[in-house]
Amino acid sequence: MAIEPEEYALKMPVRSNPILEKLAPLPGRYPLLPDLLPQQELALLCRMLHREGYDDHIAGHITVAQSDGSFLVNPWELAWDELTAADIIRVNAEGRVIEGSWNVTPAIGLHLAVHRNRHDLKVAIHNHPRFGSIWSAAGRIPPVYDQTAGQVEGDPVLYDEYAGTVDGLSEAEAAAASLGDAKWAILRNHGVFIVAKDIRQAHLRAITLEHRCRLAWQVEALGGGQPVSDPETLKVAQMSDDIGFPFLWEAMARREIRHDPAVLDDDRHDGVRQFMER
């Protein structure tokens, strides 16, 4: 089934960096993704990150701030690799479920505290990824060993006061305050926490952090290596953090849709069916 180009316009951010404008060509012969609902974007992000190592059973939660002051959240009961867009729940500013058929994690307080402190943020991610958890347990920040690990500028904050799950108001506020204006944090003996202005940036930051942790562990297992010590050498790679690496989000989203089209199941939107019939 043919789709007219104007029916599903590619939702790419405006490119303002001259170098990226040269590297990122115009869209090709068909739309890279259909127009997606926020619930579908969140379901895809959960599936993508699970594949990248954010797979500690049913642990982990992602909040996406909405314009009405509510937040979309993945449900507590489901693992990230099985949920669909129809499973995404909505909570209010107090963390109470106002839409959806599942429950919200008791640790939602950390997310809400961060969103209260950082109005510039739309997305917050917490999980216990495979290699991020190693550095979390060691209480260390992994070095940068290649340009993929250096796509996001700056070291994660090390939050060094683990007091159990972050499900109390005081613990949540303390953890949120420790993040400050940083992009990401390693929570000692716990996991990682990542914030971003949108889904695309959140995806890039999350996969960059886990790649950085994985490669650093592997290098140290070999006996060590030479970290990238000159920040200037990573400048071009880091330019993509503001907009998300060109076309990466779309490519990884298509992979998840091919693997399981049901990830996008949602009665409120039938554009994906038409896209898949292309």
Side-chain angles (χ1 to χ4, degrees), residues 11-14 16 36-46 48-49 52 54 59-74 80 88-99 104-129 132 141 151-159 166-167 169-187 190-210 212 238-245 248-249 253:
K11 303 295 184 181
M12 285 292 292
V14 175
S16 58
L36 299 172
L37 291 169
Q39 290 86 346
Q40 293 170 323
E41 292 184 332
L42 178 49
L44 282 168
L45 181 61
C46 288
M48 292 179 198
L49 296 188
E52 295 281 348
Y54 289 71
H61 21 92
I62 304 176
T63 48
V64 182
Q66 302 299 293
S67 59
D68 63 356
S70 66
F71 300 90
L72 298 180
V73 192
N74 60 291
W80 284 17
I88 300 300
I89 60 177
R90 185 187 301 268
V91 301
N92 62 15
E94 289 71 49
R96 182 172 58 86
V97 176
I98 57 176
E99 179 184 306
V104 65
T105 172
I108 190 67
L110 172 58
H111 290 247
L112 299 179
V114 169
H115 284 293
R116 283 194 298 270
N117 293 349
R118 298 277 301 276
H119 298 292
D120 57 314
L121 302 175
K122 185 176 180 181
V123 183
I125 301 171
H126 170 58
N127 206 318
H128 318 140
I141 302 300
Q151 289 182 117
V152 180
E153 184 178 12
D155 287 334
V157 171
L158 179 62
Y159 181 59
V166 186
D167 52 10
L169 180 59
S170 60
E171 295 96 333
E173 291 292 349
S178 72
L179 180 67
D181 60 357
K183 304 168 184 176
W184 44 17
I186 289 180
L187 312 179
H190 193 163
V192 304
F193 195 79
I194 299 154
V195 294
K197 66 179 182 179
D198 54 32
I199 288 279
R200 178 187 295 274
Q201 187 180 69
H203 171 249
L204 178 66
R205 289 180 175 181
I207 64 174
T208 297
L209 181 57
E210 184 64 357
R212 176 173 171 172
Q238 291 167 350
M239 287 176 182
S240 62
D241 179 46
D242 187 50
I243 65 170
F245 197 88
L248 176 61
W249 160 261

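Because the structure is predicted, anything quoted here is derived from the model rather than measured.
- Distance alone, capped at 3.5 Å, is enough to place a donor-acceptor pair between the R118 side chain and the A182 backbone.
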- Task: Under the side chain to side chain contact (heavy atoms under 4.5 Å, CB included) rule, what do F193 and V157 come out as? Steps first, then yes or no, please.
- Result: CA-CA 9 Å; F193 195 79; V157 171; over 6 Å; no
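- The CG atom of L121 lies 11.0 Å from the NZ atom of K197; values are rounded to the nearest 0.5 Å.
- Enclosure of atom CD in Q66 by more than 12 non-hydrogen atoms of other residues, nucleotides or ligands within 6.0 angstrom is indicated.
- Residue I141 comes nearest to I186 through the heavy atom pair CD1-CD1, 4.0 Å, listed as atom of the first residue, atom of the second, then distance.
- Taking each heavy atom of A202 and V123 in turn, the nearest pair found is CB-CG1, 3.6 Å.
- Contact record, L179 with A185: CD1-CB, 4.0 Å, taken as the closest heavy-atom pair.
- Note that the CD atom of E41 and the CG atom of D198 stand 9.0 Å from one another [nearest 0.5 Å].
- When atom types are taken as modelled, the side chain of Y54 and the backbone of I125 share no donor-acceptor pair closer than 3.5 angstrom.
- Put simply, CD1 on I98 and CZ on F71 are 10.0 Å apart, with the number rounded to the nearest 0.5 Å.
- Considering every non-hydrogen atom in both H115 and A124, the closest pair reads NE2-CB, 3.9 Å.
- Of the charged side-chain nitrogens involved, at least one lies within less than 4.0 Å of a carboxylate oxygen, so that R205 and D241 count as a salt-bridged pair.
- A donor-acceptor pair under 3.5 Å is formed between the side chain of N74 and the backbone N or O of G60.
- With values rounded to the nearest 0.5 angstrom, Q39 atom CD is found 6.0 Å from R90 atom CZ.
- With contacts defined as side-chain heavy-atom distances shorter than 4.5 Å, the pair K183/E153 qualifies.
- A distance of 11.5 Å separates CG in N117 from CG in D181, rounded to the nearest 0.5 Å.
- The shortest non-hydrogen separation linking I207 to E52 is CG2-CG, 3.5 Å.
- To the nearest 0.5 Å, atoms OG1 (T208) and CD (E210) are separated by 11.0 Å.
- Ring-plane geometry between H203 and W249 is classed as perpendicular, the angle between the planes exceeding 60 degrees on a 0 to 90 degree scale with a lower cut at 30.
- For the pair Q40 (side chain) and L36 (backbone), a donor-acceptor distance under 3.5 Å is absent.
- Relative ring orientation between H190 and H126 is described as perpendicular, the plane-to-plane angle rising above 60° on a 0-90° scale split at 30° and 60°.
- Of all the heavy atoms in P156 and L209, the pair that sits closest is CG-CD1, 3.8 Å.
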